[in-house]
Amino acid sequence: MSTPAPSANLMEAVVSLAKRRGFIFPSSEIYGGLNGFFDYGPLGVELKKNIRDCWWNDLVRRRDDIVGLESSIIMHPKVWEASGHVAGFSDPLVDCKVSKQRYRADQLFFAPVIVAQEDGVPVDLGFVCALESEDTSAELQKLAEELKRKKAARGKLEGIVPLSFETATPDQIPLIPSPATGEPGSLTPPRSFNMMFQTNVGAMTDASSVAYLRPETAQGMFVDFKTIVDTGRVKLPFGIAQIGKSFRNEITPRNFIFRSREFEQMEMEFFIHEDDDWAKWHRHWIDWCKDWLRSIGLPDTHLSEYDHPKAKLAFYSKGTTDIMFRYPFGVQELWGIAARGSYDLTQHANASGRPQEIFDEATKKKFVPHVIEPAVGVDRILLAVLCAGYAEEDVTDEKGNVEKRTVLRLSPRLAPVKVAVLPLLKNKEPLVARARALHAKLKRRHAVFYDDGGAIGRRYRRQDEIGTPWCVTIDFDTLEQPGDTFTLRERDSMQQRRVTEAELFALLEEQVF
RNA sequence: GCGGCUAUAGUUUAAUGGUAAAACCUCUGCCUUCCAAGCAGGUGUCGUCGGUUCGAUUCCGACUAGCCGCUCCA
């Protein structure tokens with residue numbers, strides 16, 4: 001009877017629900033919106049806060065080896081020079097004006113094609129160009145031979161030397177053929193897109209005032225590492241965790257809140273001894289992250305792992321594994337777990353002139369710790385939770401009519417409203433009074449909601465749509481029968497049973513943490 | 001940033017060169033003894049700016065935003 005929404009429309013349905021029920025909507029909408037920015041409404045902000053709280057409680061408060069941090073969003077500009085973001089967070093791109101293809105300049109290679117005539121005079125046939133591949137040289141060689149045949153040139157082909165497009169001179173660019181068309185003249189010079197938001201510190205704007213909004217929260221943990229070691233009573237292995245906003249000038253924000261320009265990260269840097277087994281810790285954190293995702297209700301069937309190929313890794317990286325989630329628009333990166341060696345601390349030690357070392361009491365030697373970094377986006381989790389939880393069911397009523405029921409199956413841990421308190425009828429004062437009393441008592445500890453508008457069935461369905469796991473109805477049995485019990489109606493099964501107030505609080509204590 | 005398509009109520013959709021319609025949702029009141037019942041009522045700057053026109057939501061242009069593809073994605 002449960003009909004999962006067709007994948008093609010699921011995204012649309014989720015976006016529509018998010019807007020309709022006040023979870024998420026475009027930022028600055030009365031001015032036409034702003035590409036890549038979103039606002040979280042009354043229910044969205046509760047859901048998001050619950051995701052943050054679950055992560056923080058599980059990772060920081062309920063463990064002895066991880067401490068928290070909130071570093072500033074704007075940091076010294078030298079942080080981003082040392083981290084490599086100023087130089088590396090931009091990729092020069094090349095467009096083919098004819099085919100509308102776009103290439104990364106560092107993945108595009110070209111080579112001059114020259115044949116040596118019998119008299120020894122070299123003849124220039126032009127250029128060939130190809131995308132980086134398993135064997136770029138062979139690819140270019142093949143293209144060069146084709147070019148020679150096409151131009152009916154005689155003589156011996158000289159050796160092909162692949163050159164990065166990044167090194168192409170303005171004279172050469174118009175002569176280099178596009179890999180898409182094979183014809184020269186359509187490629188643009190490489191253009192840079194820096195992904196960091198720039199701003200200025202202080203009222204005066206000049207070169208020395210340039211600063212950046214952080215593109216990741218991680219650098220705060222590295223920059224403050226020594227201070228936390230000196231003051232935090234921590235011992236290896238240990239972690240520093242942070243939740244906060246980050247900003248990236250994404251070329252194309254897409255897929256609702258999946259890739260936006262202002263987003264929220266939950267990152268943790270787990271520092272280990274340089275001699276410790278990084279692979280063991282890497283695996284440990286991958287498993288922890290997957291378990292955690294399951295604990296907030298994401299189904300295992302939607303989760304997978306992707307190991308970044310060694311060849312694509314940054315030189316300092318020992319390994320990166322992404323936990324992927326099956327979104328309606330494809331399997332996409334949710335949580336990246338990177339083994340970054342001692343790269344970041346070493347970079348900051350060199351750039352600041354301050355050693356970032358730990359003293360090993362056993363060996364009496366200093367060393368720079370290595371780090372494992374699980375980094376996840378709050379907004380991506382939130383989207384995953386909405387997509388996985390959204391369902392439309394056909395429900396048949398007593399008269400045999402089939403109706404659609406929209407339900408958001410959110411984990412009780414995450415649900416914005418835990419319990420809705422409903423008097424069965426609005427115009428019977430004792431029911432209303434008892435319901436209000438229960439509501440007042442519940443709301444001291446939990447996010448709860450009181451509703452007396454309309455028929456009871458409508459109120460149940462309204463709560464289904466926003467993911468409220470339980471509804472409690474105050475009925476005539478509550479008033480007339482001994483024991484002061486209520487009807488507890490469960491969201492997913494729609495089953496009802498009678499519970500006492502103590503049982504209700506016990507249920508919440510067990511399920512909401 | 002490029003190309004294609006699109007923009008009407010909170011949502012999903014109509015109609016129209018002469019100051020806009022329906023359903024659902026929402027709100028108020030009545031009614032209602034357990035799954036979107038019923039009755040009465042309330043809520044709308046046709047994304048923005050400009051052009052053509054006596055008159056533009058409708059035609060044209062630009063901008064903005066959305067979707068799809070390319071690209072990007074520690």
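Every chain is numbered from 1 and lettered A, B, ... according to where its sequence line falls, protein lines coming before strand lines.
- One N or O donor and one acceptor, one from the side chain of His85(A) and one from the base of A74(B), sit under 3.5 Å apart.
- Within 4.0 Å of Gly336(A), counting heavy atoms only, lies no atom of the nucleic acid at all.
- Of the candidate nucleotides U32(B), C34(B), A74(B), A74(B) has the atom nearest to the side chain of Glu216(A).
- Of the options Leu488(A), Leu431(A), Thr478(A), Leu424(A), a side chain to side chain contact (heavy atoms under 4.5 Å, CB included) to Thr473(A) is made by Leu424(A) and by none of the others.
- Atoms CZ (Phe256(A)) and P (G66(B)) sit 11 Å apart, rounded to a whole Å.
- Between Arg405(A) and Asp394(A) there is no salt bridge, since none of the side-chain N atoms of the basic residue sits less than 4.0 Å from a carboxylate O of the acidic one.
- Residues Arg498(A) and Thr487(A) bring a donor and an acceptor atom of their side chains to less than 3.5 Å of each other.
- Candidate nucleotides C27(B), A65(B), C34(B) were compared by shortest atom distance to the side chain of Arg462(A), and C27(B) ranks first.
- Distance CZ (Arg340(A)) to C1' (A74(B)): 6 Å, rounded to an integer number of Å.
- Distances were taken from every side-chain heavy atom of Asn255(A) (C-beta onward) to each of C25(B), C68(B), U32(B); the shortest belongs to C68(B).
- For Phe258(A) and G66(B), the CZ to P distance is 16 Å, given to the nearest whole Å.
- For the pair Tyr460(A) and C34(B), the ring geometry does not qualify as stacking, because the centroid separation below 5.5 Å and plane angle under 30° are not jointly satisfied.
- Rounded to an integer number of Å, the gap from CD1 of Ile466(A) to C1' of C35(B) is 16 Å.
- The side chain of Phe476(A) approaches U33(B) more closely than any other nucleotide in the set C31(B), U33(B), C27(B).
- Taking atom CG of Asp477(A) as the reference point, atom P of U33(B) lies 14 Å away to the nearest angstrom.
- Of the candidates U26(B), U11(B), A36(B), the closest approach to any side-chain atom of Thr406(A) belongs to A36(B).
- Across U32(B), U11(B), C34(B), the shortest atom-to-atom separation from the side chain of Lys19(A) is found for U11(B).
- Distance Arg254(A) CZ to G3(B) P: 14 Å, rounded to the nearest Å.
- Set against U32(B), C68(B), U11(B), the side chain of Lys426(A) has U32(B) as its closest nucleotide.
- Regarding Arg459(A), its CZ atom lies at a distance of 12 Å from the C1' atom of A36(B), rounded to whole Å.
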Please evaluate residues Thr346(A) and Gln356(A) with respect to the criterion side-chain contact (heavy atoms from CB on, under 4.5 Å), reporting the C-alpha separation (whole Å), side-chain torsions for both, the decisive distance (0.1 Å), and the verdict. CA-CA 7 Å; Thr346(A) 304; Gln356(A) 302 293 312; over 6 Å; no
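- Closest to the side chain of Arg458(A), from the set C25(B), C34(B), U32(B), is C25(B).
- Among the nucleotides C25(B), C34(B), C68(B), the one closest to the side chain of Gln496(A) is C34(B).
- The Arg461(A) side chain lies nearest to C35(B) when the options are U11(B), G66(B), C35(B).
- Ser16(A) comes within 4.0 angstrom of the backbone, heavy atoms only, and of no base.
- Note: OH (Tyr327(A)) to P (C68(B)) measures 15 Å, nearest angstrom.
- Contact annotation for Asn427(A): base contact, defined as any heavy-atom pair under 4.0 Å involving a base atom.
- Ring centers of Trp285(A) and Trp288(A): under 6.0 Å apart, within the cut-off.
- Residues Tyr40(A) and Phe25(A) place their aromatic rings such that the two centres sit no closer than 6.0 Å.
- Along RNA chain B, the nucleotide nearest Glu29(A) and the nucleotide nearest Glu480(A) are compared for position; the residue whose nucleotide lies closer to the 5' end is Glu29(A).
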